[in-house]
Amino acid sequence: MNALSSLVVVLLLAGVAWVGGALALLRPVFGLAVPGLAAGIFLVGVATRVVGWARTPVPFRIPTTCGQQRSLPWIKASWIECPWTRSGVVVRMALEVLLFRSLFRNTRGAITTEPVAQGHGTPAAAPEGFPRAARLVYGEQKWLWLAALAFHWSFLVVLLRHLRFFLEPAPALVGVLAAVDGFFQVGAPVVYAADIALLAALGYLLVRRSSDPQVRYLSLFQDYFALHLLLGLVATGVLMRYYVRPDIVAIKQLTLGLVTFAPVVPAHVSPLFFVHLFLLSVLLAYFPFSKLMHMAGVFLSPTRNLANTSRMRRHVNPWNPPVKVHTYEEWEDEFRDKLEAAGLPVERE
Amino acid sequence: MRDRHAIIAALIVFFVVLTFPIWYARAAGTTSRGPEPKLPETEKTCVMPVEYMRASHMKLLLTWRDDVVRRNVRTWIAPDGKSYKASLSGTCLRCHANKAEFCDRCHTYAGVTPYCWECHVDPASIKGSGT
């Protein structure tokens, strides 16, 4: 139901944009006003969220670690998985941000009645008719990691390739990226490897979400909405590049008009481009309010970006109210005469 | 968080990178004026309508290439019934004689590098070199 309703919403958005792109009257709205507004919402929204996180106090070290912490010199410590230095944290964060290290550790529990593997290789054959006990087994789950990694990296490549529409003269580096991405030179316009990876990864993520009963049970409207929105964005982009060609030069005039604040809406741009632009605008405007904010959140996760120095240094909560303490020495002074009279040992004579 | 200043600084850097096209356009003095390719003066119509040629000429060229190289069909019949010789340098460049002022203007503008010229030669460049 969630999947269907989010698909309907995305299709409705696409339909609205198509109408807006087809009518000359609405073209400036969908070509200039909506993208400008969306970019503003994105910038202000992201800034607000990040500043809010920055103002949130994190008085203690709360990293979730998965390695041996530093203690005695003869116990081998894991400086990346349980970092106690800044460089360790930087490496850990880089692995997390660039390679999704924690997702790589993803496991999946499943009830199985398969026989237990005995030592090397062959599982023990259970005797005929012997009931096999159901066991919970945690297996590796790498496909989600692979699809997530493929999606994010290919999305970055596609995003950088789009710089050719925003920079004039187009830098040589963008051309080099496009040449590497289109290395196989299949067809004209050349098929980009990142486009295929992007579609395949998004497709897998959607199929995984909707086919696995457990994951489907957990999935909310917004989970599907982000996927459908991205799929719509990529689908319209792929359609325009390979099938229903728009006038690229006119589109670049429009984008350059946006970045130079001298807006122009060329007459002959196909409505499909307006669908692409509108879905992007919706994505940008939706971004700060959605789970997509993990783009900034991954850097600001206290469970990742803190060194595990809980037992090396004393971390005092800065806003603790002053606590009136009564030390043993003070207590001893108070009752010194009684203690000595009773013949009890005292610390200080 | 005690890293508040570092976080705000990183946010500002992110926004500057994100709005890079705006700074780049400022620095390069970019305008939204198009590339304005030089159209031939002798002919008024191309092999296909101008809207199609603007957007999809590469598809037509690919069809021509497949026809000539793979099927040995050297004549192409346009939808309006006229027949043309399927040839980049013989048909296209006969009217659009100046590659630099026609092809390259838009291709440079859109940042694309078609691989036509890895096999084909621009006839004008041969004449120019005097061979």
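None of the values given here were measured: they were computed from a predicted structure. Chain naming here is simple, since letters A, B, ... match the order of the sequence lines and numbering starts at 1 in each.
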Trainee: Specify which of B/G111, B/P114, B/P21, B/C106 makes the most heavy-atom pairs with chain A at under 4.5 Å.
Mentor: B/P21
Trainee: Exactly one of A/T260, A/L258, A/V259 should register a side chain to side chain contact (heavy atoms under 4.5 Å, CB included) with B/I22. Which one does?
Mentor: A/V259
Trainee: Pick whichever of B/G29, B/A25, B/G34 has the most heavy-atom pairs under 4.5 Å with chain A.
Mentor: B/G34
Trainee: Measure distances from B/F15 to the heavy atoms of chain A and classify the residue's part below 4.5 Å as side chain, backbone, both or neither.
Mentor: side chain
Trainee: With only heavy atoms counted, which part of B/L18 is less than 4.5 Å from chain A, the side chain, the backbone, both or neither?
Mentor: side chain
Trainee: Flag yes if more than 12 heavy atoms outside A/F183 fall under 6.0 Å of its CZ atom; otherwise flag no.
Mentor: no
Trainee: With a 4.5 angstrom heavy-atom cut-off, which part of A/F261 approaches chain B: side chain, backbone, both or neither?
Mentor: side chain
Trainee: Return the minimal non-hydrogen interatomic distance between A/V249 and B/Y109, and the atom names on each side.
Mentor: O-CE2, 3.8 Å
Trainee: Which atoms of A/V174 come close to chain B, meaning under 4.5 Å heavy atom to heavy atom: side chain ones, backbone ones, both, or neither?
Mentor: neither
Trainee: At a heavy-atom distance under 4.5 Å, which candidate from A/P246, A/A39, A/A170 has the highest pair count against chain B?
Mentor: A/P246
Trainee: Would you please test B/R4 and A/W53 for side-chain contact (heavy atoms from CB on, under 4.5 Å) and show each step?
Mentor: CA-CA 9 Å; B/R4 200 172 294 168; A/W53 287 331; over 6 Å; no
Trainee: Using a 3.5 Å distance criterion without hydrogens, assess whether the side chain of A/R245 forms a donor-acceptor pair with backbone atoms of B/S56.
Mentor: no
Trainee: Judged by atom type as modelled, is there a donor-acceptor pair below 3.5 Å linking the side chain of B/K59 to the main-chain atoms of A/Y242?
Mentor: yes
Trainee: Taking CH2 in A/W153 as the centre, count heavy atoms belonging to other residues, nucleotides or ligands within less than 6.0 Å. Is the count above 12?
Mentor: no
Trainee: Run the side-chain contact (heavy atoms from CB on, under 4.5 Å) check on A/V51 and B/L11 step by step: do they pass?
Mentor: CA-CA 9 Å; A/V51 169; B/L11 188 66; 4.2 Å; yes
Trainee: Using non-hydrogen atoms only, which part of B/Y52 is less than 4.5 Å away from chain A: side chain, backbone, both, or neither?
Mentor: neither
Trainee: Can you tell me if B/Y24 uses its side chain to pair, donor with acceptor, with the backbone of A/F166 under 3.5 Å?
Mentor: no
Trainee: So what's closer than 4.5 Å to chain A heavy atoms on B/R26: side chain, backbone, both or neither?
Mentor: side chain
Trainee: Of the backbone (N, CA, C, O) and the side chain (C-beta and beyond), which part of A/I248 lies under 4.5 Å from a heavy atom of chain B, both, or neither?
Mentor: side chain
Trainee: Relative to chain A, which segment of B/A28 carries a heavy atom at a distance below 4.5 Å: side chain, backbone, both, or neither?
Mentor: side chain
Trainee: Can you find a pair of side-chain heavy atoms, one from A/E168 and one from B/R33, that are under 4.5 Å apart?
Mentor: no
Trainee: Under 4.5 Å from any heavy atom of chain B, what part of A/M240 do you find: side chain, backbone, both or neither?
Mentor: neither
Trainee: Let me confirm one number: the CD1-CG distance from B/I7 to A/L300, rounded to the nearest 0.5 Å.
Mentor: 5.0 Å
Trainee: At a 4.5 Å cut-off on heavy atoms, which part of B/T113 comes close to chain A: side chain, backbone, both, or neither?
Mentor: neither
Trainee: Assess whether atom CG of A/L173 is packed by more than 12 heavy atoms of other residues, nucleotides or ligands within 6.0 Å.
Mentor: no
Trainee: Non-hydrogen atoms of chain B under 4.5 Å away: do they reach the side chain of A/A178, the backbone, both or neither?
Mentor: neither
Trainee: Check whether more than 12 heavy atoms from other residues, nucleotides or ligands sit under 6.0 Å from atom CH2 of B/W23, and answer yes or no.
Mentor: no
Trainee: If we define contacts as heavy-atom pairs under 4.5 Å, which of A/D247, A/L43, A/L167 has the most with chain B?
Mentor: A/L167
Trainee: Go through the atoms of A/P169 and report whether side chain, backbone, both or neither lie under 4.5 Å from a heavy atom of chain B.
Mentor: both
